[in-house]
Amino acid sequence: MKFEKIKDVIKKEEGQKAKIRGWIYRKRSSGKIIFIVIRDSTGIIQTIVEKEKISNEEFKKAEKALIESSVEIEGTVHEDKRAPGGKEIHVTKFNVVGFAQDFPITEYQSVEFLLDNRHLWIRSRKLTEVMKLKAKMLRIIRRWFDENDFYEVTPSVITTNAAEGGATVFSFDYFGQEAFLSQTAQMYLEALIFSLENVWCLTPSFRAEKSRTRRHLTEYWHLEAEEAWLNNEENMKLQEELISYVCQSIAKECKDELEFLGRDPKDLKIVEPPFKRIKYKDAIKMLNEKGFDIKWGDDFGAPHEKALVEGEEKPIFVTHFPVESKAFYMKISPDGKTVECADMLAPEGYGEIIGGSEREENIDSMIERLKKDGANIKNYEWYFDLRRYGSVPHSGFGLGIERLLCWIAKLEHIRDATPFPRLVRRAYP
RNA sequence: GCCGGCGUAGCUUAGUCUGGUGGAGCACCCGGCUGUUAACCGGGCGGUCACCGGUUCAAAUCCGGUCGCCGGCGCCA
């Protein structure tokens, strides 16, 4: 008889045999009967070890095995109202593969302790469900790009291009030369559209910002796409289609995970194009009306973003930010004051999940803006070449995978959207 | 960088204001219990009170400093 997954055993009928393997999740003993809840990647089930129905040796093993011991169990399936989940296994064979020492994570835990023991805490049911959801989400995203004829590309994470704008980068010694961990693959994607036209990639991105908020990681998974012959409005359409597809698919395909995490699939089902578009200047007006002290040129903080999506059930776009507040490569609008960009804000105050723009084609304009930021123009020569040899209008966007997951999974903190979060004060374990 | 909070047993904590031999729950070990639901009952093991210095007859407690963590702000295409 082969080992079965717990989710399949749960579906079995009264009296059928079952053979499972996994880890001890909970254990309660009552003298001659031991209740052992077993966990595997698919779920949990209660097993009953009775002294009279099993060898002495096996019963002793069952008594001694502590939580998180790995075990192999055979028995028969029984329906019982008293069992969590309604079904349980009456054990006929009990084998311990690996006895666990005292498991450090018990009833009460602090955030700090759990982060110190992250390598063990990731076994928890919550993080397990989050990671399942993330895996499925990535599968869905890949499916969408496939179906929309985008090429997946693999740009480098090591770069000698210093950061654009005021963002901070992690630098390191690359055989005697200063190099950086990439903050974005965008410029490389732009180079690739001149042959492939539609490209996307998924890479880690790094930000050395000392941001201590529930929305920031120093290392995160960055989904980026770039398309030739695309303007800002078409770019937004692409984004709202992608996000809508992801929400619809997850609502359909991830019911169990969503239910466990407390996200109603209905919240995702209503996400479909078009998303509301609001210009930066109107957003400022709106915020002023809501009593915020904010003026043209100011960037939005978390409270502003929250106020802008108040009452919204779908994400919204905020477009046409002032030139000064955005990066050098964003195309300047005809008004000369704003750029052809769009930030997508998630509902419920989860904040920015996508930043995108049409790209500037005028080299002089880019140089002027780069100089204002104190950047070394020489580093960008290769990038300017892209404008020199058959430039075309093009646009693209970048999406923070963990931020998207944070919203969809209704998480309190972005650190739970990744198994080993890298935060300002933490890179262990 | 700034503001706030915290640091006592493996974990969660009481005790700190008002100085006088550090208590408890969980985990673990031993014993009891044949239907438990983060079982229960009895017993046991377990402490550099974050670290350094000071005040005092006496410091977990008061004072000064250091370190670590958490929450938030700022920063953040």
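Numbers restart at 1 for each chain; the letters A, B, ... are given by sequence-line order, proteins then strands.
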Is the distance from OP1 or OP2 of [N] to the nearest side-chain N or O of [X] less than 4.0 Å?
X	N	answer
A/Ser211	B/rC75	no
A/Arg212	B/rC73	no
A/His413	B/rG71	yes
A/Arg425	B/rC69	yes
A/Arg415	B/rG71	yes

Base, sugar-phosphate or nothing for [X]? Non-hydrogen atoms, less than 4.0 Å.
X	result
A/Arg426	sugar-phosphate
A/Ile105	nothing
A/Glu360	nothing
A/Glu50	base
A/Lys51	nothing
A/Gln101	nothing
A/Lys53	nothing
A/Ser357	nothing

Base-pairing assignment for [N] (Watson-Crick or G-U wobble, both under 3.5 Å):
N	value
B/rG19	none
B/rA14	none
B/rC2	B/rG72
B/rC62	B/rG54

What integer number of Å spans the [atom1] atoms of [N] and [M]?
N	M	atom1	result
B/rG74	B/rA60	P	42 Å
B/rC45	B/rC29	C1'	7 Å
B/rU13	B/rG31	P	33 Å

How close or far is atom [atom2] of [N] from atom [atom1] of [X], stated in whole angstroms?
X	N	atom1	atom2	value
A/Asp298	B/rG74	CG	C1'	13 Å
A/Lys32	B/rU34	NZ	P	5 Å
A/Glu63	B/rC33	CD	P	11 Å
A/Glu88	B/rU34	CD	C1'	13 Å
A/Asp299	B/rC73	CG	C1'	15 Å
A/Leu423	B/rG72	CG	C1'	15 Å

Pairwise 5' ranking along RNA chain B for A/His222 and A/Arg26, keeping only the more 5' one: A/Arg26

Residue met sooner reading RNA chain B from 5', once A/Asp116 and A/Glu52 are mapped to nucleotides: A/Glu52

Polar side chain donor-acceptor pair, A/Glu340 to A/Ser333, under 3.5 angstrom: yes

Answer yes or no: is there an ion pair linking [X] with [Y], defined by an N-O contact shorter than 4.0 Å?
X	Y	value
A/Glu257	A/Arg263	no
A/Glu129	A/Lys132	yes
A/Lys17	A/Glu74	no
A/Glu226	A/Arg359	yes

Backbone of A/Thr338 reached by a side-chain donor or acceptor of A/Asp335 within 3.5 Å: yes

Stacked cation flag A/Lys314 on A/Phe275, 6.0 angstrom / 45 deg: no

